Structures are given as C-alpha cells and as structure tokens.
Protein chains: 2
Amino acid sequence: MSNPLSRRLARFAALTAEDHALLEDAGGERVRRVGAREDVFREGDRPRCLYLVLDGWAMRYKSLEDGRRQVLSFALPGDICDQHVLLLSRADHSMSALSATSVAEISATRISEIARASPRLLYALCLSNLVGQASQREWTINLGQRTALERMAHLICELFFRLRAIGLTHGNTCELPVTQATLADATGISAVHVNRTLQELRASNLITLRGKHLTIDDIEGLQSVALFNPGYLHLDEVERATQTARDGEPTTPPLLLAALAADGG
Amino acid sequence: MSNPLSRRLARFAALTAEDHALLEDAGGERVRRVGAREDVFREGDRPRCLYLVLDGWAMRYKSLEDGRRQVLSFALPGDICDQHVLLLSRADHSMSALSATSVAEISATRISEIARASPRLLYALCLSNLVGQASQREWTINLGQRTALERMAHLICELFFRLRAIGLTHGNTCELPVTQATLADATGISAVHVNRTLQELRASNLITLRGKHLTIDDIEGLQSVALFNPGYLHLDEVERATQTARDGEPTTPPLLLAALAADGG
DNA sequence: CGTGTTCTTGAAACTTGTCAAAGTTAGTGG
DNA sequence: CCACTAACTTTGACAAGTTTCAAGAACACG
C-alpha cells in the first residue's frame with residue numbers, strides 16, 4: 001500500500017486491495033540506485049523498460065548540439081518516466097538523478113500484465129500519462145509567456161504542490177535539491193538571473209530559500225505572481241475515477257486504450 | 001486510401017486494405033466546417049469526441065488570465081487533436097481554425113472499434129500520440145533555449161517538413177496561412193519582433209515570405225540556423241512498424257496499450 | 001582544512017518589448 | 001468593380017528585461 005506507484009495511481013482511481021497487491025511486487029522488480037548527476041538513461045539509448053522513481057529527485061532533459069540544455073520536467077517519487085521510451089526505437093531525451101535516487105525498472109510485459117489484470121489500473125496509468133502531457137503543455141506556456149519572475153514562481157508552485165500531494169512537505173517547507181544552474185535550465189533563464197529572481201521572491205516575502213531548504217511564506221502571493229493554477233496537475237482526479245471503479249466503466253468517454261480494456265477484458 | 005487519417009497512420013504502420021477501409025468511413029462520420037478564427041473546442045468544454053483535421057490549418061492554444069496566449073501546436077490535415085480530451089472531464093486548452101477548415105468528429109466508441117479491429121491501427125494511433133508528445137517536448141526546448149531568430153527558423157522548418165510529408169508543398173514553397181501575431185504567440189516573442197525576425201531570415205536569403213506564400217530558399221541554411229533536427233517528427237517511422245505488421249507483434253517492446261491489443265485480441 | 005562547486009554581486013552590452021504611427025493588403029458591400 | 005473598412009505588416013525611437021563577463025564569498029565534501 002505504501003509503495004510510490006500505489007500512492008501515485010491511487011490518486012487517479014480508487015484501487016482495490018488486489019490492485020495494490022499487483023503493484024506491490026512491481027515496485028520491487030528491480031531497483032537501481034543512481035547517484036546525483038548520474039544518468040538513468042540517455043538520449044539515443046534503446047528503451048528497455050519503464051523507470052519509476054521510488055526515492056529522490058530526477059529530471060528529464062534534452063540538449064542542443066551546442067551544449068544548451070532544457071529540463072523538460074522533474075520526476076519526484078511515484079513518477080514514471082514517460083512511456084514513449086517503450087514505443088520508439090530510441091529515447092529522444094535523457095533522464096538523470098538530481099540527488100541520490102532509487103528507481104524501479106519495470107519491464108514492458110509487467111506493465112501490460114498489470115494493465116490487463118485491472119481496468120482501474122490501466123485507467124490510472126493512462127491518466128498518469130495524460131497528466132504528464134498536461135504538464136508539458138503548462139511548461140510550454142511557462143517558457144513562452146511568463147517573465148523570469150513568473151516562471152520561477154510557477155516552477156516553485158508546481159514543485160511544492162506536487163511534493164505536498166505525495167507527503168514530502170512539512171507544513172509550508174520542503175527540500176529543493178536543485179542547483180540554481182538546474183533551475184536555469186528548467187526556466188530558460190540564465191543562472192545569474194535565476195539568482196536575482198530568487199532574491200526578488202525573497203525580498204517580496206514570498207519564499208525563504210537557504211541551501212536546499214525551501215519555505216513558502218506566502219503561497220497565495222506566490223501563486224498570484226506565478227499565475228499558477230494547479231488544475232493541470234490533476235492532484236484530485238480520484239473523485240471521477242472512483243465512479244469508474246464502482247460502475248466498471250468510466251463515466252466520461254474513455255481514451256481509446258481505457259475503452260479497449262473495458263470492452264476486451 | 002486517400003483520406004487524411006489513412007495517410008497519417010500509414011506513416012506509422014504498414015496498413016492493409018481492411019485497415020484503410022476501417023478508416024475510410026471514420027473520416028466521413030461527421031464533418032464540421034469551421035471558419036478562420038473560429039474555435040473547434042474551447043478550454044473548459046466537456047469532451048465529446050476526437051477531432052481530425054481533414055483540410056485547412058488549426059492550432060491548439062492556451063490562455064493566461066491576463067490575455068497572454070501560447071500556441072501549443074499547429075494541426076495540419078491528418079492531425080488528430082490530442083486524446084486527453086477524452087479522458088479528462090474538461091479540455092484544458094482550446095483549438096481553433098486558422099483558415100477555413102473542415103474537421104471530422106470521431107466518437108470515442110468509433111476510435112475504440114478501430115483500435116480493437118486492428119492492432120496495427122492501435123499501434124499507429126499510439127505512435128501518432130507519442131509523436132505529439134515528442135513535438136511538445138521540442139517546443140519546450142524551442143521556447144526555453146533558442147533565440148528569437150532560431151525559434152522562428154525552427155518553427156518554419158517544422159511546418160515545412162510536416163507539410164511536405166503530407167504532400168502540401170510544391171518544390172520548396174508552401175502556404176503559411178498564419179498571421180505574424182499568431183507566429184508571435186507560437187514562438188513566445190512579440191509581434192513586432194516577429195516581423196523583424198522574419199526580415200532577418202529574408203535578408204539572410206533563407207526564406208521568401210509574401211503574404212501567405214512561403215518559399216524556403218535555403219533549407220540547409222535554415223535548419224542550421226534553427227538547430228533543427230527533424231527526428232522528433234518521426235516522419236519515417238513506418239520502417240519499424242512494417243515489422244509489426246509482419247510479425248503480428250512489434251519488434252520493440254510495445255507501449256502498455258499496444259501490448260494490450262496484441263495479447264487481448 | 002583545503003578544494004571545487006555553488007551562490008552572489010556589479011557593470012556593461014545586447015536582445016527583445018513597448019508604443020505609436022504609417023503603409024499595405026484583403027475582404028465586404030454598394 | 002470600386003470604395004471602404006478592418007486586419008495585418010512595417011518602421012522608428014525608446015524602455016525594459018535579460019545576458020554576459022568577471023570576480024569574490026559562502027558552502028560542501030573528502
């Protein structure tokens with residue numbers, strides 16, 4: 001019940017005891033420890049399995065030929081690297097650990113076993129995938145439309161909300177094991193300006209940031225600066241999904257895949 | 001054989017005559033004509049079906065409360081709006097036509113029929129979906145790391161390559177029914193600066209752009225300015241997928257959904 | 001207790017945005 | 001088919017935001 005994948009998927013569907021049991025040994029399948037700054041997989045690698053972050057922070061990123069680098073997303077405990085790695089012949093981006101991290105390697109066949117055994121789990125996996133897409137869209141907007149200050153505030157909001165959803169906050173504080181250089185690669189602003197931007201957020205009494213220790217002093221103020229609306233994170237999708245579990249079929253039209261499972265199962 | 005969905009999916013898998021037949025009437029299911037600047041669906045709408053662009057150009061976009069707007073992607077003939085609309089209770093972004101456009105409305109049940117009837121089609125649909133995600137990642141990098149000039153060049157490269165793949169180019173020219181204001185919303189730069197940037201591309205003898213008529217004068221030069229690598233568009237994915245069709249099961253580990261279809265079918 | 005990484009600061013340069021107005025094009029109705 | 005209007009493109013001058021470079025301070029690790 002307490003493994004990260006269970007907790008994650010439980011956000012998207014009301015899982016039964018059997019569902020949890022199914023996920024339980026998936027988490028233990030094969031665990032790999034990755035040190036800070038080490039890659040989990042690299043652009044161009046042949047995909048072998050899905051990676052599930054059990055503990056620690058990771059990021060997905062992609063580089064330009066000349067060395068410029070863009071962080072695509074941060075992966076927190078319970079997050080699965082996106083499924084493209086299984087369908088395409090080569091990974092088109094890399095993933096690396098920001099702190100000491102442990103990741104579970106889940107084979108494709110295991111995933112499909114899980115999905116076939118439980119329509120709820122398939123539904124939850126699809127939703128988890130779609131939430132990843134929604135986040136990528138939000139990052140697109142963040143980079144395209146927001147100012148440096150707004151972007152930083154937005155990123156901090158996202159991380160704080162996500163950490164809170166998985167129980168990794170204490171009141172209004174959390175860890176932020178990310179260097180300013182990495183924040184720069186995530187927000188598309190220079191490292192120097194990240195520094196100035198963080199100072200501005202501090203000066204506005206919105207956050208306190210010392211070392212890797214972040215405190216949100218004024219979450220509403222921060223959200224308002226960031227034009228942050230947590231909807232895209234779908235942190236409470238479970239309400240609708242609960243109906244799914246009850247009726248056997250989702251109340252909203254299912255994605256092609258969810259539909260498949262419902263009919264074909 | 002000649003409908004846009006067929007052509008699109010044929011890029012991702014070697015389709016049989018039956019596959020094409022299946023797709024044939026899907027395209028005709030229900031066609032809606034949308035005038036320029038008109039919305040196909042709007043953020044907050046309840047999803048009813050998938051939209052397939054048959055003809056004309058459309059865009060997906062999302063707005064900030066204060067009116068700033070980010071284009072998320074352009075949809076050309078053969079493109080499907082992404083599938084999130086079916087799994088989430090509310091659309092989290094809008095889609096609107098850039099020119100007179102016709103879109104087919106494909107119901108969720110129809111999609112799942114198609115997917116269940118042919119593993120190849122399911123596989124192709126999944127790939128189509130993943131290519132959309134890869135594009136979104138590329139846009140993230142574009143906005144985060146490239147300069148205004150590089151971004152414009154990159155966007156033009158993407159559009160030209162995509163148009164060529166669907167036969168909508170004539171030599172090195174194509175239509176570009178997009179105002180500079182829209183290009184601004186897509187590249188995250190101001191409309192005025194878009195204008196200057198286009199002039200710079202013209203001055204470098206890379207493109208000719210008069211009205212809605214675009215000519216690429218030096219595609220290699222443009223790609224090099226843009227740091228453009230067409231790989232993410234997966235314009236030639238069919239090679240691997242051909243194997244799929246032959247062996248009945250993909251040679252690379254299938255996505256959870258493709259796996260489902262292969263086993264459950 | 002070094003030593004390398006990360007954070008911070010200042011000044012100057014550069015890119016991009018804003019404002020405002022003029023020119024051009026396209027579409028509509030008389 | 002012209003005239004008129006609205007939408008779109010182009011221009012210049014200036015302001016603002018952000019980057020770059022360079023150097024010093026703080027911190028973290030072995």
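Bear in mind that the values here come from a model prediction, so they are computed numbers and not experimental data. Letters A, B, ... are given to chains in the order of the sequence lines, protein chains preceding strands, and every chain is numbered from 1.
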Return the value, rounded to whole Å, for the distance between atom CD1 of A:I189 and atom C1' of D:dT19. 11 Å
On DNA chain D, does the nearest nucleotide to A:T147 precede the nearest nucleotide to B:V192 from the 5' side, or the other way round? Give the residue. B:V192
Grab the CG-P distance between A:N195 and D:dG24 for me, whole Å please. 17 Å
Pairing donors with acceptors under 3.5 angstrom, does anything connect the side chains of A:T140 and B:Q70? no
For chain B, the stretch of DNA chain C it reaches, first to last nucleotide, under 4.0 Å of its heavy atoms: C:dT16 to C:dC19
Regarding D:dT20, can its base be found pairing with the side chain of A:R196 as donor and acceptor, where the two atoms are less than 3.5 Å apart? yes
Residues A:D55 and A:S102: side-chain donor-acceptor under 3.5 angstrom: no
On DNA chain C, does the nearest nucleotide to B:S190 precede the nearest nucleotide to A:G211 from the 5' side, or the other way round? Give the residue. A:G211
From the list D:dT18, D:dT10, D:dC21, which nucleotide is the closest neighbour of the side chain of A:A148? D:dT18
When the nearest nucleotide of DNA chain D is assigned to A:K212 and to B:V178 on a heavy-atom basis, which residue is associated with the more 5' position? B:V178
Nearest of D:dT10, D:dT9, D:dT18 to any side-chain atom of B:R202? D:dT10
Just say parallel, tilted or perpendicular for the rings of B:H154 and B:Y232, cut-offs at 30° and 60°. parallel
Interatomic spacing from CD in A:E150 to CZ in B:R68 - rounded to 0.5 Å: 4.0 Å
Would you say the side chains of B:N142 and B:E138 form a donor-acceptor pair under 3.5 Å? no
In Å and rounded to the nearest 0.5 Å, what is the CD1 to NZ distance from B:I141 to A:K62? 4.5 Å
Expressed in angstrom and rounded to an integer, what is the separation of B:H193 atom NE2 from D:dC8 atom P? 21 Å
